[in-house]
Amino acid sequence: MVLPAGKHSASLIFLHGSGDSGQGLRQWIKHVLTQDLAFPHIKIIYPTAPSRFKISNDCPEHLESVDEMCQVLADVIDDEVKSGIKKNRILVGGFSMGGCMAMHLAYRKHQDVAGVFALSSFLNKTSAVYQALQKTDGVLPELFQCHGTADELVLYSWAEETNSVLQSLGVSTQFHSFPGVHHDMSKTELEKLKAWILSKLPGDMERQNE
């Protein structure tokens, strides 16, 4: 994890994709940004998940493993809340399967988090997330989504479809496409993500000016 330089007033849970680890994701981001993703007031947590299943937008979700991971992540959220961080000061997101996991976690179980981000991610056509959202009518966390148009593993069209279905179910979304980017993270994308994170989790200085 990356601890905040100043007073810890918000937390970010960043989930890795298939075949990676929390530490691997942190190093990858550091490599792309040429520095750690870090904020004066936000603690960043990189949990490691067990390896997952086939990636396709029309094969059924392996809900058992998704729900097991949701439980592990619910414990991570609980630990943050116990340490004094409010739920609306916690963001969840991830890359590829990590982003899919974050959408399950927030939209099915924790609709009171500050926001969700999904990089190079998608939900499949009959996702349990869609079913859960059909039954809710409260305010939902905003989704920040980024996708490379040249992604050959998670197709760009899958991401677009996920975005439009979520919008139709009441989720406000931001969708950024990155021409020529494969199943990868770009510096521009991570800079955009940083700005969005700060808009959702402003520090004390920014909050005083509101």
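Just so you know, these numbers come straight off a predicted model, no measurement behind them.
The ring of Phe95 has its center closer than 6.0 angstrom to the ring center of His183. When ring centroids are compared, Tyr156 and Phe175 come within the 6.0 Å threshold. Ring centroid separation for the pair His147 and Phe122 does not come in under the 6.0 Å cut-off.
In this structure, CE on Met185 lies 8.5 Å from CG on Leu33, to the nearest 0.5 angstrom. Between atom CG of residue Leu15 and atom CE of residue Met69 there is a gap of 6.0 Å, rounded to the nearest 0.5 Å. Atoms CG and CG, from Leu193 and Leu37 in turn, are 7.0 Å apart once rounded to the nearest 0.5 Å. The CG atom of Leu105 sits 5.0 Å away from the SG atom of Cys70 when rounded to the nearest 0.5 Å.
Using modelled atom types and a 3.5 Å distance limit, the side chains of His41 and Lys7 yield no donor-acceptor pair. His176 and Glu189 share no side-chain donor-acceptor pair at under 3.5 Å. Side-chain N/O atoms of Gln23 and His16 include no donor and acceptor closer than 3.5 Å. With 3.5 Å as the limit, one finds a donor-acceptor pair spanning the side chains of Ser127 and Glu61.
Although no hydrogens or angles enter the test, the distance criterion places no donor-acceptor pair under 3.5 Å between the side chain of Glu191 and the main chain of Lys187. Distance alone, capped at 3.5 Å, places no donor-acceptor pair between the Gln174 side chain and the Leu143 backbone. In this structure, the side chain of Asp36 does not engage the main chain of Ala38 through any donor-acceptor pair within 3.5 Å. A donor-acceptor contact shorter than 3.5 Å links the side chain of Ser121 to the backbone of Ser96. Between the side chain of Thr48 and the backbone N or O of Gly22 there is at least one donor-acceptor pair closer than 3.5 Å.
Other cluster members for Leu3: Met1, joined by side-chain heavy-atom distances under 4.5 Å among Ile, Leu, Val, Met, Phe, Trp and Tyr.
When all heavy atoms of Leu25 and Asp20 are compared, the closest pair comes out as N-OD2, 3.6 Å. Considering all non-hydrogen atoms of both residues, Ile85 and Ala10 come closest at CD1-N, 3.8 Å.
Trp196 and Val32 fall within a single hydrophobic cluster, where Ile, Leu, Val, Met, Phe, Trp and Tyr side chains are chained together by heavy-atom contacts under 4.5 Å.
Comment: Arg89 does not engage Glu80 in a salt bridge, judged by the lack of any side-chain N to carboxylate O separation of less than 4.0 angstrom.
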Counting only pairs under 3.5 Å, give me each side-chain donor-acceptor contact of residues 128-139, with atom names and distances, residues two or more places apart or in other chains.
from	atom 1	to	atom 2	distance (Å)
Gln131	NE2	Thr126	O	3.0
Thr136	OG1	Leu133	O	3.2

